[in-house]
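Notes follow the structure.
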Protein chains: 2
Amino acid sequence: MDKRKEQILKAIIKEYILEAEPVSSKTIMNRYGLNVSSATIRNEMAALEELGYIQQPHISSGRVPAPSGYRYYVDNLMEEEELLEEINLIDQLTSNISNINNYLKEVALMLAGASNYTVIVTEEKRGEETIHHLKLVGLLEDKALLVLVLSSNKVKDYVIPYLEKLSEEELISLSEILNQHLKDKEIKYLTLDLKNKIKGIFPNSPLLLEEIFNLIEKSLEEENNVEVIVEGVKNIFKLPEFNEVKKIAKFMETIENQEIITGLLRDAIGSEGNKIGVKIGEELGLEDLKDFTLIATNCSFCEGLNGKIGIIGPTRMFYEKNISLLEALLKKEDEND
Amino acid sequence: MDKRKEQILKAIIKEYILEAEPVSSKTIMNRYGLNVSSATIRNEMAALEELGYIQQPHISSGRVPAPSGYRYYVDNLMEEEELLEEINLIDQLTSNISNINNYLKEVALMLAGASNYTVIVTEEKRGEETIHHLKLVGLLEDKALLVLVLSSNKVKDYVIPYLEKLSEEELISLSEILNQHLKDKEIKYLTLDLKNKIKGIFPNSPLLLEEIFNLIEKSLEEENNVEVIVEGVKNIFKLPEFNEVKKIAKFMETIENQEIITGLLRDAIGSEGNKIGVKIGEELGLEDLKDFTLIATNCSFCEGLNGKIGIIGPTRMFYEKNISLLEALLKKEDEND
DNA sequence: CATTAGCACTCAAAATGCCAAAGTGCTAAA
DNA sequence: TTTAGCACTTTGGCATTTTGAGTGCTAATG
């Protein structure tokens with residue numbers, strides 16, 4: 001790979017990313033100031049094809065980047081991109097985290113808008129979640145609200161009917177008793193013994209307590225599952241390569257499968273920790289995604305809230321911009337630590 | 001419109017809803033036991049076309065229902081449909097409302113699954129929301145959680161930094177003071193005077209109080225906006241009439257516009273209150289939705305939570321089934337009152 | 001010896017023509 | 001009033017032709 005070959009490969013990839021059409025030798029001569037004739041470029045293109053970096057859809061057509069061409073581009077040819085506007089957006093978002101439950105979703109929405117591709121996020125399974133605080137609030141004559149603050153700072157709430165009527169004072173004392181016994185305990189310690197003990201302390205409300213135990217177990221179990229967020233699916237509709245409903249349906253089918261998403265993000269980020277992973281086409285290991293690229297990284301802004309976040313688009317993707325986007329996010333994260 | 005014309009119109013519409021292809025006189029003769037020849041059916045079809053109920057895509061093709069044909073069908077020819085499975089689903093869902101924040105979303109998901117079309121829901125602007133209960137919870141050394149229970153039963157929560165350090169006891173007493181002064185007050189009563197009064201009572205935490213006031217105002221303002229939920233968009237991909245990416249993109253564009261959604265639901269339900277509205281094609285008043293039908297109704301299961309809910313699909317829609325679905329929902333609602 | 005002009009060649013996509021199948025309308029007979 | 005039968009129309013599929021973009025190769029050039 002001499003200098004000129006690299007220039008031509010870079011030109012082909014840049015042009016193809018922009019236009020989504022096979023690139024001809026003439027186009028490169030006209031638009032990328034190489035100061036050689038189209039014939040020379042053709043010779044170089046033949047060599048690049050020999051090396052496996054580009055392909056011809058058919059014998060008399062222009063060239064298209066091959067998977068290994070994109071890989072070479074990302075590893076060796078790509079330049080950093082400055083993103084002023086987008087960094088502004090990230091700053092705004094991260095300096096103003098008020099509702100933790102929605103935070104990752106907001107980040108996903110912002111990135112989907114900024115990238116114009118699809119953004120996938122998983123929220124980490126965070127081992128054994130516990131109840132950090134519990135409170136019963138009387139709502140109306142026949143209903144109360146159970147508020148659970150979990151160890152991850154998330155808040156969950158459930159409306160429960162008064163299975164047995166309680167006064168406001170009784171509610172408060174019940175809250176206190178529950179807090180005493182359940183605070184910071186992992187779910188496995190919510191044993192039948194403990195339940196019975198609490199029922200013994202508060203013998204007038206066995207049904208209500210049963211319901212509360214159920215909801216606590218439900219909520220902790222829920223939280224020990226990975227949550228998946230997908231935003232900006234419709235962005236890919238505008239791309240010329242998705243000109244068939246079938247392709248769109250297939251993509252949406254894939255992207256809705258939570259196990260696939262978590263697997264993709266895990267593999268793309270790998271064990272490298274705080275770096276940005278780029279998986280191109282077949283590197284993703286899924287036939288249905290062979291024409292997609294995933295750019296992904298870990299993400300952990302506030303304590304107790306860790307996730308993986310990725311931008312997925314066609315292999316013909318604006319690599320510089322999207323890598324820079326995630327880099328900006330990572331940088332912000334470092335600052336906040 | 002004599003009896004036989006009605007039979008034939010009904011047959012054409014039923015057949016077209018099933019097959020999405022122009023219906024020929026021969027098909028009707030074979031599949032709908034009318035005991036007349038195809039020639040006779042052809043004569044009747046010519047008459048129905050004269051009346052504007054059906055159309056020919058081209059001169060030698062079968063017939064397709066015209067908008068007024070669907071209208072006549074819905075008003076005069078349609079039969080009720082029994083839905084055993086689906087009613088089961090509705091029962092399950094409505095008898096087990098635990099998380100109010102997500103309730104309407106769950107209903108939407110269920111209906112999207114049952115109908116195989118797209119479901120749109122708006123949550124009603126509910127006039128002046130108030131704080132029903134407020135609580136500050138210490139989380140970690142430098143952060144607290146503000147939990148707001150609103151008059152609509154919704155729970156909102158925000159993480160706030162300790163702008164001034166507070167002990168656990170101070171937090172509790174601050175919660176109490178705020179509750180005393182803010183409980184059941186509309187946002188307009190959260191005046192500068194009141195704010196200063198509270199700051200006077202708790203002079204050590206002016207910054208923290210300012211932040212709390214901001215969040216209360218933000219959350220009440222948010223709640224006075226209409227929330228829009230859309231589920232099951234991808235269902236329409238499978239329909240043969242959406243065989244072009246353009247059509248899908250246009251539909252998604254329309255369906256993402258919250259103002260359009262609220263307008264559609266408002267107009268479809270009209271002022272009739274507890275009835276089911278059906279708007280067919282051009283009746284929706286939007287060029288982009290001229291090939292869609294919206295079936296909609298009001299929805300108010302639990303106190304403080306009102307919404308409008310609609311099923312949107314192609315004009316070639318299973319009218320009976322979807323109307324029955326919403327009727328089942330309404331019936332359940334009556335029982336719960 | 002690298003570069004390039006020029007030309008023959010290839011292939012995809014668009015345009016054209018043709019034919020069968022599906023379906024209608026109309027006429028004349030039952 | 002109904003219907004059998006037939007002429008007529010249109011669509012959609014298929015094969016064929018045309019066009020144009022783009023290449024590879026050869027021979028000439030500095």
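All chains are named by letter (A, B, ...) in the order of the sequence lines, taking the proteins before the strands, and each is independently numbered beginning at 1.
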Taking atom [atom2] of [N] as reference, at what distance in whole Å does atom [atom1] of [X] sit?
X: Asn43(A); N: dG24(D); atom1: CG; atom2: C1'; value: 9 Å
X: Arg4(A); N: dT4(C); atom1: CZ; atom2: P; value: 8 Å
X: Glu44(B); N: dT24(C); atom1: CD; atom2: C1'; value: 16 Å
X: Glu21(A); N: dC11(C); atom1: CD; atom2: P; value: 20 Å
X: Ile28(A); N: dT23(D); atom1: CD1; atom2: P; value: 9 Å
X: Asn35(A); N: dA2(C); atom1: CG; atom2: C1'; value: 15 Å
X: Lys26(B); N: dC6(D); atom1: NZ; atom2: P; value: 15 Å
X: Met45(B); N: dG25(C); atom1: CE; atom2: P; value: 8 Å

Nearest heavy atoms of [X] and [Y], plus distance in Å:
X: Thr293(B); Y: Met317(B); value: O-CE, 3.7 Å
X: Ser38(A); Y: Met29(A); value: N-SD, 3.3 Å
X: Ser68(A); Y: Gly52(A); value: OG-O, 2.7 Å

Indicate whether any N or O donor in one side chain lies under 3.5 Å from an N or O acceptor in the other, for Glu320(A) and Tyr73(A). yes
Return the 5'-most residue of the pair Ser60(B), Ile59(A) with respect to DNA chain D, ranking by each residue's nearest nucleotide. Ser60(B)
Assuming nearest nucleotide by heavy-atom distance, tell me which of Gln56(A) and His58(B) is located more 5' along DNA chain D. His58(B)
Could you tell me, to 10°, how much the axis swings from one end of the helix from dC1(C)-dG30(D) to dA30(C)-dT1(D) to the other, five pairs per end? 20°
Compare the minimum distances between each of [options] and the side chain of [X], then state the nucleotide with the smallest one.
X: Ser25(B); options: dT24(C), dT4(C), dT3(C); result: dT24(C)
X: Arg63(A); options: dG25(C), dG24(D), dT10(D); result: dG24(D)
X: Ser24(A); options: dT2(D), dG22(D), dA5(C); result: dG22(D)
X: Arg42(B); options: dA4(D), dT4(C), dG5(D); result: dG5(D)

For the pair Glu79(A) and Lys10(A), evaluate side-chain contact (heavy atoms from CB on, under 4.5 Å) and give the outcome as yes or no after the intermediate values. CA-CA 11 Å; Glu79(A) 295 153 36; Lys10(A) 191 169 163 183; 2.3 Å; yes
Taking only side-chain nitrogens and oxygens of Thr40(A), does any of them come within less than 4.0 Å of OP1 or OP2 of dT4(C)? yes
Looking at Tyr117(B), Phe237(B), Phe292(B), which hits ring pair (Phe, Tyr, Trp, His ring centres under 6.0 Å) with Phe251(B)? Phe292(B)
In plain terms, say whether Lys234(B) and Glu253(A) are close enough for a salt bridge, that is, a side-chain N and a carboxylate O under 4.0 Å apart. yes
Could you tell me whether Ser38(A) contacts a base, only the sugar-phosphate backbone, or nothing, with contacts defined as non-hydrogen atoms closer than 4.0 Å? nothing
